[in-house]
Protein chains: 2
Amino acid sequence: MAQLGDLERSIMDALWASESPLTATELQESLEAGSAGVSGKQLAVTTVLTVLSRLEHKGLVVRDRAVRPHLYRASSSHADHTAELMHEILGASSDRSEVLARFLGQVSPEEAATLRGLLNSPPRDSGLSA
Amino acid sequence: MAQLGDLERSIMDALWASESPLTATELQESLEAGSAGVSGKQLAVTTVLTVLSRLEHKGLVVRDRAVRPHLYRASSSHADHTAELMHEILGASSDRSEVLARFLGQVSPEEAATLRGLLNSPPRDSGLSA
DNA sequence: AATCTGTTCTACACTTCGTAGAAGAACGAC
DNA sequence: GTCGTTCTTCTACGAAGTGTAGAACAGATT
């Protein structure tokens with residue numbers, strides 16, 4: 001799946017941050033406003049479109065072609081995506097428990113607590129994601 | 001830090017698998033033999049050298065210039081590196097606990113057990129790796 | 001039909017990565 | 001100390017990925 005480029009990431013962030021699907025133009029605006037920090041430079045809509053197509057191709061974005069200004073949304077939540085990425089990386093390792101040990105060795109106490117809580121309250125219903 | 005390319009990864013794997021530091025030529029040989037699966041094609045030593053330099057530049061490889069055939073070793077263990085990558089990804093997320101929840105939702109029961117064990121075992125003093 | 005708005009095609013520059021030859025540097029043999 | 005061998009560095013190029021956007025095309029509105 002690989003890591004995304006800067007623009008790709010910004011666009012995904014905007015999509016993840018949005019409740020409802022967005023149009024290319026809306027994204028263009030939210031990119032100008034919301035993010036970027038210092039810039040302020042407006043991107044061309046076609047640029048946004050191009051990146052959206054690429055993200056769709058990568059399976060990260062779903063496009064609704066039924067409506068006229070096409071609507072775009074992230075195919076999975078940010079958390080899901082991130083968790084998947086983490087698993088991908090973990091899975092590529094030969095020595096998973098060792099990695100997990102190191103991983104835990106680096107988490108903050110709060111996160112450790114969070115993890116403990118999650119592991120002890122097992123609401124393992126979510127048989128979702130194929 | 002980003003993901004590595006195929007060759008870069010193979011070389012890192014060889015370095016991680018090795019107890020002691022290796023020379024470029026040794027790496028070249030172990031690449032031919034150990035990995036690759038189907039190929040069998042021998043890389044030029046200069047290719048290995050180039051990639052090693054790039055990896056050194058990225059901070060993943062440490063080179064000992066004191067001895068003549070320079071010796072190369074991974075700057076950190078595979079597990080450490082992987083764990084760091086996972087943290088990097090996790091850190092880029094705004095909603096860490098949510099990600100962790102999703103992450104745990106995807107781990108195998110064995111891994112969950114491993115994690116439980118690690119979280120309950122004595123505080124990992126290991127103040128190693130800077 | 002003409003126009004406006006949004007989408008697709010095409011394109012280019014820049015970076016990263018795989019790949020390696022040519023040139024340079026160090027070290028042992030003589 | 002010079003010669004040859006061995007190793008490293010420099011330089012380079014092609015493929016892929018990404019940021020960027022104009023040109024051309026399609027659907028809706030009047």
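Scope of the values below: all heavy atoms of this structure, side chains included, with no hydrogens, waters or symmetry mates. Please read all numbers here as calculations on a predicted model, not as lab measurements.
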Pairs under 3.5 angstrom only: tabulate donor-acceptor contacts from the side chains of residues 44-52 of chain B to other protein residues two or more places apart or in another chain.
{"from": "B:T50", "atom 1": "OG1", "to": "B:T46", "atom 2": "O", "distance (Å)": "2.9"}

Return the set of residues passing side-chain hydrogen bond (donor to acceptor under 3.5 Å, both in side chains) with B:S94 (not counting sequence neighbours), or none when no residue passes.
-> none
When all nucleic acid strands are considered with a 4.0 Å heavy-atom cut-off, which category describes B:V51: base, sugar-phosphate, or nothing?
-> base
Review item, nucleotides 20-27 of chain C N/O atoms under 3.5 Å of protein N/O:
{"from": "C:dA20", "atom 1": "OP1", "to": "B:K41", "atom 2": "NZ", "distance (Å)": "3.2"}
{"from": "C:dA20", "atom 1": "OP2", "to": "B:A44", "atom 2": "N", "distance (Å)": "3.2"}
{"from": "C:dA20", "atom 1": "OP2", "to": "B:T47", "atom 2": "OG1", "distance (Å)": "3.2"}
{"from": "C:dA20", "atom 1": "N6", "to": "B:T50", "atom 2": "OG1", "distance (Å)": "2.6"}
{"from": "C:dA26", "atom 1": "O4'", "to": "B:R68", "atom 2": "NH1", "distance (Å)": "3.3"}

Euclidean distance, atom CD of residue A:E8 to atom P of D:dT20 [Å, nearest integer] | 11 Å
Whole angstrom is fine here: how far is it from CG in A:L52 over to C1' in C:dC9?
-> 16 Å
Got A:Q106 and B:D80 here, is their nearest side-chain heavy-atom distance under 4.5 Å?
-> yes
Roughly how many Å is it from CD in B:E29 to C1' in D:dC7, rounded to a whole number?
-> 14 Å
Rounded to whole angstrom units, what separation is found between the CG atom of A:L71 and the P atom of C:dT7?
-> 9 Å
Below 4.5 Å, heavy atoms only, C-beta onward: do B:L90 and A:F103 meet side chain to side chain?
-> yes
Which whole-number value in Å describes the distance from B:D6 CG to D:dG17 P?
-> 11 Å
Take atom CD of A:E26 and atom P of C:dT5, then tell me their distance rounded to the nearest Å.
-> 16 Å
What's the CD-P distance between A:Q3 and C:dT16, to the nearest Å?
-> 14 Å
Carboxylate-amine/guanidinium contact B:E110 A:R96, below 4.0 Å | no
Short side-chain donor-acceptor distance under 3.5 Å, A:R63 and A:S53 = yes
Atom-pair distance (CG on A:L31; C1' on D:dT20), nearest Å = 13 Å
For A:L49, answer base if it contacts any base atom (sugar-phosphate contacts may also be present), sugar-phosphate if it contacts only those atoms, and nothing otherwise; contact means non-hydrogen atoms under 4.0 Å.
-> base
Which part of the nucleic acid, if any, lies within reach of B:R63 when heavy atoms closer than 4.0 Å are counted: base, sugar-phosphate only, or nothing?
-> sugar-phosphate
Would you give the length of the straight line joining atom CG of B:L100 to atom CG of A:L118, rounded to the nearest 0.5 angstrom?
-> 7.0 Å
Please work out if B:R65 contacts a base, only the sugar-phosphate, or nothing of the nucleic acid, heavy-atom cut-off 4.0 Å.
-> sugar-phosphate
Residue pair B:H70/A:V48 against DNA chain D: nearer the 5' end by closest nucleotide is B:H70
